[in-house]
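Worksheet: the structure to be examined is printed underneath.
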Amino acid sequence: MSMTPAHEHGAARPTDPIARILLIEDDASIAAEVVDELKTRGYDVRHENTGRKGLDEGRSRKYDLMIVDRMLPELDGLSVIEALREQNITVPVLVLSALSAVDDRVSGLKAGGDDYLTKPFAMEELAARLEALMRRPNDSRATMIHVGPLSMDLIERRVTRDGRDVELLPREFRLLEYMMRRPGTVLTRTMLLEDVWNYRFIPQTNLVDVHIGKLRRKVDGPGEAPLIHSIRGAGFSLRVPG
């Protein structure tokens, strides 16, 4: 497997305070690359190579985030996650897998995973997803999100407004999810480029404005009170009319 180390491109962003990550991965070469990359970024990383050892470690010590491979010896990754959730261990979990079908991703989320990354992957994307997971609100594992007249089903990938289906493209869905998790918050273009597009540098682009415009036309239908607002000189916000 060929993966691109992000720190070769000047993208390292050490965390402060140091975040503790548990990696459960049986492929020694992948594990070594991930551990090296994350330590370079300033994370404290513990590695286990079987599902059973990983589950025991996850139960016995507190971690800020876990990375769990789906196919593991002794106990598969989804079973590990389900066992942790049954014990009310709510640490965010990123699932790694060579399986990329929609049903496989849905299974990972239903088991209690918070995000799903398919192999092979670039280290830059792995690091970006970890950063985004650790910035999520505490209720991020809910599979249904409600903000005023908007409802989002993360499993079925469906959005409705007052019962009206809102058809969204994948990026639009991710953008709206990000906004619905932070209602009333002013979201800057930099925040959106980093957390929705996974950019680790900020290009001169109107990408965010274009997508916000398309999303607004779908969410705020004719005659409906606007929910997506532009905040002059600051960014955007999803707000329910008072």
Side-chain angles (χ1 to χ4, degrees), residues 4 6 9 11 92 94-97 99-110 113-137 139-161 164-221 224 226-231 234-239:
T4 303
H9 302 289
L94 173 64
V95 182
L96 300 181
S97 178
L99 304 174
S100 60
V102 172
D103 288 346
D104 296 313
R105 294 197 296 272
V106 169
S107 296
L109 294 174
K110 284 186 174 180
D114 296 273
D115 199 357
Y116 194 101
L117 182 61
T118 57
K119 300 177 180 178
F121 53 85
M123 287 296 176
E124 174 70 9
E125 182 174 7
L126 173 69
R129 287 177 182 248
L130 297 183
E131 291 176 11
L133 277 178
M134 285 190 286
R135 286 199 294 265
R136 279 190 184 182
D139 64 349
S140 63
R141 291 200 58 255
T143 59
M144 289 291 300
I145 307 175
H146 302 280
V147 178
L150 281 179
S151 296
M152 174 176 283
D153 186 327
L154 297 175
I155 299 298
E156 299 295 332
R157 309 293 287 181
R158 183 186 180 206
V159 175
T160 59
R161 174 168 177 166
R164 171 178 67 84
D165 281 320
V166 180
E167 299 293 336
L168 300 178
L169 297 174
R171 185 71 67 180
E172 294 167 347
F173 187 95
R174 188 173 178 183
L175 176 59
L176 182 60
E177 177 189 353
Y178 187 85
M179 300 183 77
M180 289 181 69
R181 291 190 186 279
R182 300 159 180 82
T185 302
V186 176
L187 306 172
T188 68
R189 290 171 178 80
T190 297
M191 291 170 64
L192 295 172
L193 285 170
E194 288 186 348
D195 293 344
V196 178
W197 277 268
N198 292 329
Y199 281 136
R200 308 268 57 86
F201 65 96
I202 307 304
Q204 295 297 319
T205 177
N206 66 344
L207 187 66
V208 172
D209 299 77
V210 170
H211 278 77
I212 287 287
K214 292 179 179 178
L215 184 61
R216 180 185 281 124
R217 287 191 289 273
K218 294 182 178 182
V219 169
D220 297 335
E224 295 176 331
L227 299 179
I228 298 176
H229 300 269
S230 297
I231 312 301
F236 307 93
S237 183
L238 179 69
R239 296 179 177 176

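Just so you know, residue 1 is the first one in the sequence shown, and it goes up from there.
Nearest approach of Pro149 to Leu227, heavy atoms of both residues: CG-CD1, 3.9 Å. Residues Gly235 and Val186 approach most closely at N-CG1, 4.3 Å, considering heavy atoms. Closest non-hydrogen pair, Val208 versus Arg189, comes out as CG2-O, 4.1 Å. Nearest heavy-atom pair, Arg164 versus Lys218, reported as atom, atom and distance to 0.1 Å: NH1-O, 3.2 Å. Of all heavy-atom pairs between Asp220 and Ile228, the closest is OD2-N, 3.4 Å. Nearest heavy-atom pair across Pro92 and Asp114 is CA-OD2, 3.2 Å.
Contact annotation: the side chain of Val219 approaches that of Arg161 to within less than 4.5 Å [non-hydrogen atoms, C-beta and beyond]. Side chains of Arg217 and Lys214 form a contact here, defined as non-hydrogen atoms less than 4.5 Å apart. Taking the side chain as every heavy atom from C-beta outward, Glu172 and Leu169 approach each other to under 4.5 Å.
Between the side chain of Arg158 and the backbone N or O of Asp153, no donor-acceptor pair lies under 3.5 Å. Between the Arg171 side chain and the Val196 main chain, a donor and an acceptor come within less than 3.5 Å of each other. Between the Glu194 side chain and the Met191 main chain, no donor and acceptor come within less than 3.5 Å of each other. Under a 3.5 Å cut-off, the side chain of Glu224 and the backbone N or O of Gly221 do form a donor-acceptor pair. When atom types are taken as modelled, the side chain of Arg129 and the backbone of Tyr116 share a donor-acceptor pair closer than 3.5 angstrom. Side-chain atoms of Thr185 do not come within 3.5 Å of backbone N or O of Leu187 as any donor-acceptor pair. Formation of a donor-acceptor pair under 3.5 Å by the Asp165 side chain with backbone atoms of Thr160 is not found in this model.
With rounding to the nearest 0.5 angstrom, the CG atom of Leu133 is 6.0 Å from the CG atom of Leu94. In this structure, CG in Leu126 is found 6.5 Å from CE in Met123, a value given to the nearest 0.5 Å. Atom CG in Leu215 sits 11.0 Å away from atom CZ in Phe173 (nearest 0.5 Å). Going from atom CG of Leu150 over to atom CE of Met179 covers 10.0 Å, rounded to the nearest 0.5 Å. Atom CD of residue Glu125 and atom CG of residue Leu130 lie 10.5 Å apart, to the nearest 0.5 angstrom. Here NE2 of His211 is found 13.0 Å from CG of Leu176. Values are rounded to the nearest 0.5 Å.
Seen from the ring of Tyr178, Arg181 does not count as a face-on cation partner, given the 6.0 Å and 45° thresholds.
Remark: the Ser230 side chain and the Arg216 side chain contain an N/O donor-acceptor pair separated by less than 3.5 Å. If you check the side chains of Ser151 and His146, you find a donor sitting under 3.5 Å from an acceptor.
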Exercise. Show your reasoning for whether side chain to side chain contact (heavy atoms under 4.5 Å, CB included) applies to Thr188 and Phe236.
Key: CA-CA 7 Å; Thr188 68; Phe236 307 93; over 6 Å; no

Practice problem: Test Val95 against Asp115 for side chain to side chain contact (heavy atoms under 4.5 Å, CB included), laying out the working first. | Solution: CA-CA 6 Å; Val95 182; Asp115 199 357; over 6 Å; no

